[in-house]
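Note: hydrogens, waters and symmetry copies are ignored here, and every other heavy atom, side chains too, is used.
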Amino acid sequence: MFMKNLILIFLFSPYFLFSQEFSFEINTNEGYIEIIYLLDNNKVFKISETVDEIYVFSSDSLAKNYLKTLNQNIIPKNKYQVGETTIFLNSVTSIDYYTNTTPSGSSGQIKSINDLIFTYAPDYSWNKNSGIIGELTQIGNTKITYWITAGYAEKGKFRGKIKSFGNKQFKYEGWSSWGEKTGMVGEITSIGTIKIYYYNTDYDKGYKGKLKSIGTVKFIYFGDIFNNNKANIVGKFKEQTGQDGRLIIH
């Protein structure tokens, strides 16, 4: 009986086996994602449209603790600039730099810290047009790609944003007339297996275009009814419901 119940837990709890890899900073009243944090062993990556900051902790457990708490007091104190990204480390034993014989866009940049190697987007025309020259394209064994094509990505307002981080794909809302009206164009719609939705029907008056859900976590706003209209609270954040074992909401 015990084994049967255990199997049922696995079958009906699809996120039971997932450990928390992401946390999201949400502007609840405005209804959008401000920052995404991604956990990778002892590192946490702070991501907006590109990688803003990297925190290298002394252990995996400290990195997990930061993902859950965003406690600024445990961020490593040593700070360096790697391209357009700031990296924080506890201790630095060695640093190497790219020389002037490397491709344009890397010359003079930090090549490695403590044998962690960094690669940058070179000074190619398509990278320049996408605004990613100097952005990190590889950190150790982790590769990063960006949306660099014109046309669809440019019109969709996600050209220059992260396309993949390791094995995780980043997708965004493409252009449409209704998406343009609601302000959804260019907003992130999935990271890996995590789906992200926005309110997009004519019934969502007052909060159309605002964040609806991340995974199984839902965001609810005050609806367009008489009392809410009189109080001028239509569209304001009401509550967050649900849980998702893959992520944390801040």
task = Determine, stepwise, if the pair Arg159 / Thr149 fulfils side-chain hydrogen bond (donor to acceptor under 3.5 Å, both in side chains).
result = CA-CA 7 Å; Arg159 190 180 190 189; Thr149 55; over 6 Å; no
query = Yes or no on side chain to side chain contact (heavy atoms under 4.5 Å, CB included) for Val44 and Leu38, after CA distance, side-chain angles and deciding distance?
reply = CA-CA 6 Å; Val44 174; Leu38 193 159; over 6 Å; no
task = Could you check Thr85 against Asp52 for side chain to side chain contact (heavy atoms under 4.5 Å, CB included), going step by step and ending with a plain yes or no?
result = CA-CA 5 Å; Thr85 302; Asp52 300 327; over 6 Å; no
message = Applying side chain to side chain contact (heavy atoms under 4.5 Å, CB included) to Gln81 and Gln109, what does each step give before you reach the verdict?
response = CA-CA 9 Å; Gln81 199 69 22; Gln109 300 277 23; over 6 Å; no
task = Test Ser59 against Asn42 for side-chain hydrogen bond (donor to acceptor under 3.5 Å, both in side chains), laying out the working first.
result = CA-CA 5 Å; Ser59 67; Asn42 69 323; over 6 Å; no
ask   = Which is it for Asn65 and Asn71 under the side-chain hydrogen bond (donor to acceptor under 3.5 Å, both in side chains) test, yes or no, and what are the steps along the way?
value = CA-CA 8 Å; Asn65 183 25; Asn71 181 357; over 6 Å; no
task = Verify side chain to side chain contact (heavy atoms under 4.5 Å, CB included) between Thr182 and Tyr198, making sure each step is shown before the conclusion.
result = CA-CA 10 Å; Thr182 60; Tyr198 303 84; over 6 Å; no
request  = For side-chain hydrogen bond (donor to acceptor under 3.5 Å, both in side chains), just list the numbers for Ser112 and Asp115, CA-CA rounded to whole Å, side-chain angles, deciding distance to a tenth of an Å, and then say yes or no.
outcome  = CA-CA 5 Å; Ser112 66; Asp115 297 323; 5.3 Å; no
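Environment of NZ in Lys77: crowded, with over 12 heavy atoms of neighbouring residues, nucleotides or ligands closer than 6.0 Å. Other residues, nucleotides and ligands contribute over 12 non-hydrogen atoms within 6.0 Å of the NZ atom of Lys46. Counted within 6.0 Å of NZ on Lys111, heavy atoms from surrounding residues, nucleotides or ligands total 12 or fewer; the atom is thus considered open.
Put simply, the side chain of Asn29 never gets that close to the backbone of Lys236: no donor and acceptor are under 3.5 Å apart. Using modelled atom types, no side-chain atom of Asn228 and backbone atom of Ile233 make a donor-acceptor pair closer than 3.5 Å. Not one N or O on the side chain of Arg246 forms a donor-acceptor pair closer than 3.5 Å with the backbone of Gly215. Asp224 places no side-chain N or O within donor-acceptor distance of the main-chain N or O of Lys205, the cut-off being under 3.5 Å. Between the His250 side chain and the Ile35 main chain, no donor and acceptor come within less than 3.5 Å of each other. Remark: side-chain polar atoms of Ser213 are not paired, donor with acceptor, to backbone N or O of Lys218 under 3.5 angstrom. Of the possible donor and acceptor atoms, one in the side chain of Lys161 sits under 3.5 Å from a partner among the backbone N and O of Gly186.
Under a hydrophobic-cluster definition in which Ile, Leu, Val, Met, Phe, Trp and Tyr are linked whenever side-chain heavy atoms come within less than 4.5 Å, directly or via other members, Val56 and Val82 are assigned to the same cluster. A continuous path of ILVMFWY side-chain contacts below 4.5 Å connects Met184 to Phe24, so both sit in one hydrophobic cluster. Hydrophobic clustering (ILVMFWY, side-chain heavy atoms < 4.5 Å, transitive): Ile36 and Ile75 are in distinct clusters. Ile139 and Tyr80 fall within the same hydrophobic cluster, defined by Ile, Leu, Val, Met, Phe, Trp and Tyr side-chain heavy atoms under 4.5 Å apart, directly or through other members. Hydrophobic clustering, with ILVMFWY side chains joined whenever heavy atoms are under 4.5 angstrom apart, groups Ile87 together with Tyr97.
Pairing each heavy atom of Gln169 with each of Ser164, the nearest pair is NE2-CB, 3.6 Å. Ile74 and Leu62 make their closest contact through CD1-O, 4.0 Å (heavy atoms, listed as atom of the first residue, atom of the second, distance). Listed here is the closest heavy atom pair of Thr142 and Gly166: CG2-N, 3.9 Å. The two residues Ile117 and Tyr98 have their closest heavy-atom pair at CG2-OH, 4.4 Å. Considering all non-hydrogen atoms of both residues, Leu136 and Tyr146 come closest at O-OH, 2.5 Å. Across all their heavy atoms, Tyr120 and Gly83 have their closest contact at CE2-N, 3.2 Å.
Residues Tyr199 and Tyr221 bring their aromatic ring centres within 6.0 Å. Here Tyr37 and Phe45 keep their ring centres 6.0 angstrom or further from each other. Taking the ring centroids of Tyr55 and Tyr66, they lie under the 6.0 Å cut-off.
A donor atom on one side chain and an acceptor atom on the other are found under 3.5 Å apart for Asp204 and Thr201.
The side-chain contact (heavy atoms from CB on, under 4.5 Å) with Phe237 is formed by just one residue from the set Asn27, Ile26, Thr28; it is Thr28. Remark: of the listed residues Glu187, Glu180, Glu173, Glu180 is the sole one forming a side-chain hydrogen bond (donor to acceptor under 3.5 Å, both in side chains) with Lys157.
Between Ile113 and Val92 there is a side-chain heavy-atom pair separated by less than 4.5 Å. Side-chain atoms of Glu25 and Leu70, non-hydrogen and from C-beta on, do get closer than 4.5 Å to each other. Using a 4.5 Å heavy-atom threshold, the side chains of Leu116 and Lys43 count as touching. By the 4.5 Å heavy-atom criterion applied to side chains, Ile220 and Tyr207 are not counted as neighbours.
Taken to the nearest 0.5 Å, the OG atom of Ser48 stands 9.5 Å off from the CD atom of Glu53. Rounding to the nearest 0.5 angstrom, the gap separating the CD1 atom in Ile95 from the CD1 atom in Ile110 is 5.0 Å. For the atom pair Thr145 OG1 and Ile132 CD1, the distance stands at 9.0 Å (nearest 0.5 Å). The structure places CD1 of Ile196 at 5.0 Å from CD1 of Ile188, a figure rounded to the nearest 0.5 Å. Within the model, atoms CZ of Phe22 and CG of Leu67 stand 9.5 Å from one another, a figure rounded to the nearest 0.5 Å. Phe158 contributes atom CZ, which lies 12.0 Å from atom CD of Glu49 (distance to the nearest 0.5 angstrom).
Ion pair Asp202/Lys208 flagged as a salt bridge, since at least one NZ, NE, NH1 or NH2 atom sits closer than 4.0 Å to an Asp/Glu carboxylate oxygen.
Geometrically, Lys163 engages Trp147 in a cation-pi contact, judged by NZ or CZ lying under 6.0 Å from the ring centre and within 45° of the ring axis.
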